[in-house]
Amino acid sequence: MLGYIQFADRLSAWFGKAFAWLILVMAFGVGYEVLVRYGFNSPTSWAFDLSYITYGTLFMMGGAYTLSRGGHVRGDFVYRLWKPRTQARVELVLYFLFFFPGVLALIISGWKYAERSWRYLEVSVNSPAGIPVFQFKTVIVAAGILMLIQGIAQVFRCIICIRTGEWLVAAEDIEETEIQLAREMENEAGHFASDTAREDARGLKDELNNQERG
């Protein structure tokens, strides 16, 4: 189970980080549209398609990666009060009741959409540019498969937690800027406290030495 968890986590991370570059594509595309629209009064015919296609692809392909890192929103006002074994048992049941049926429905429905779209080489109807979108319909199936693979890994995590009483810690390769700044402030405060303590100790030592000489 540990080997499969590592495989699924690495796979999800690779796809999540690879498709994260779409953020730059979307940012440059939208930025260019704003510039030419309001600066030169010459809006593009493709910017809207680019924005929702890139964002939708990023959102879908990042789902498994977010799941592997425990980053999805959780209503844990009750969950966090439970013991790890109780959490794992509840999660295990919920994965089979809701997660896997939903993911399988996504794969099956996505396959139908993608197959139909590829059959007539679908293009976007949101703009006159005629941007091809049939290849992006395949993202629905790919995202569902990745979520299925990662979901099995999460089930294994639940089983391990039920056996050991502790959650297998997910890798943390991305950290919020606020957390980094808070840690830096704590380190700076720690250094300041240490320096102050050294100065106080040095002063006390000098004072004792002076008293002994006197």
Side-chain angles (χ1 to χ4, degrees), residues 1-23 26 52-115 136-187:
M1 285 191 291
L2 289 174
Y4 181 87
I5 291 172
Q6 293 175 355
F7 158 75
D9 285 356
R10 286 197 298 267
L11 183 68
S12 297
W14 190 91
F15 277 98
K17 293 177 181 179
F19 280 87
W21 290 99
L22 289 177
I23 294 175
M26 181 170 58
Y52 84 79
I53 287 174
T54 52
Y55 179 75
T57 302
L58 173 65
F59 177 83
M60 295 292 289
M61 297 303 292
Y65 172 67
T66 307
L67 180 62
S68 71
R69 298 310 193 253
H72 286 292
V73 176
R74 182 196 300 275
D76 61 350
F77 61 96
V78 175
Y79 175 91
R80 62 188 174 86
L81 302 176
W82 296 337
K83 294 181 179 180
R85 279 196 173 94
T86 304
Q87 294 175 344
R89 291 189 181 99
V90 172
E91 281 202 17
L92 187 62
V93 172
L94 294 179
Y95 269 113
F96 284 99
L97 284 181
F98 299 104
F99 179 85
F100 288 116
V103 169
L104 290 174
L106 178 67
I107 296 173
I108 295 171
S109 299
W111 179 267
K112 294 179 180 179
Y113 281 120
E115 188 274 332
F136 294 105
K137 293 292 181 73
T138 312
V139 169
I140 302 173
V141 182
I145 293 173
L146 286 174
M147 289 288 286
L148 179 64
I149 294 172
Q150 188 60 51
I152 296 172
Q154 300 306 110
V155 166
F156 288 163
R157 277 192 167 93
C158 292
I159 295 173
I160 292 173
C161 182
I162 293 172
R163 290 179 177 177
T164 64
E166 295 181 359
W167 281 108
L168 187 64
V169 180
E172 295 182 0
D173 51 4
I174 294 179
E175 195 171 52
E176 295 289 343
T177 304
E178 291 80 2
I179 298 176
Q180 294 179 0
L181 293 175
R183 182 178 293 109
E184 291 175 2
M185 292 177 64
E186 289 177 0
N187 292 335

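Heavy-atom basis, side chains included; hydrogens, waters and symmetry copies ignored.
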Sequence-distant partners of Met61, side chain to side chain contact (heavy atoms under 4.5 Å, CB included), two or more places apart: Phe15, Phe19, Thr57, Val139, Ala142, Ala143, Leu146
For Thr164 against Arg85, the heavy-atom pair lying closest together: C-NH2, 3.6 Å
Phe59, CZ atom: more than 12 neighbouring heavy atoms under 6.0 Å: no
Distance (rounded to the nearest 0.5 Å) between Gln6 CD and Ser68 OG: 13.0 Å
Closest heavy-atom pair and its distance - Met60, Ile140: CE-CA, 4.0 Å
Spatial distance of atom CG (Leu11) from atom CD1 (Ile145) [nearest 0.5 Å]: 10.5 Å
Closest non-hydrogen atom pair, Arg69 against Ala13: NH2-CB, 3.6 Å
Atom pair CD1/OG1 of Ile162 and Thr86 - distance to nearest 0.5 Å: 9.5 Å
Distance-minimising heavy-atom pair for Cys158 and Ala88: O-CB, 3.5 Å
Considering all heavy atoms, the nearest Trp82-Gln87 contact: O-NE2, 3.4 Å
Heavy-atom neighbours of Glu166 CD exceed 12 at 6.0 Å: no
Gap separating the CH2 atom of Trp167 from the SG atom of Cys161, nearest 0.5 angstrom: 4.5 Å
CD1 on Ile152 to CG on Leu148, rounded to 0.5 Å: 4.5 Å
Under 3.5 Å donor-acceptor pairs involving side-chain atoms of residues 89-109, not counting sequence neighbours:
from	atom 1	to	atom 2	distance (Å)
Glu91	OE2	Arg74	NH1	2.9
Glu91	OE2	Arg74	NH2	3.3
Glu91	OE2	Tyr79	OH	2.5
Ser109	OG	Ala105	O	3.0

Side-chain touch Gln150/Asp9, heavy atoms, less than 4.5 angstrom: yes
Within 6.0 Å of OH in Tyr55, more than 12 heavy atoms from elsewhere: no
Atom pair CD/CG of Gln154 and Leu67 - distance to nearest 0.5 Å: 4.0 Å
Minimum heavy-atom distance Met147-Gly63, with the two atoms named: SD-C, 3.4 Å
Heavy-atom check, side chain of Met1 versus side chain of Arg163, under 4.5 Å: yes
Leu2 side chain reached by Phe156 side chain, heavy atoms, under 4.5 Å: no
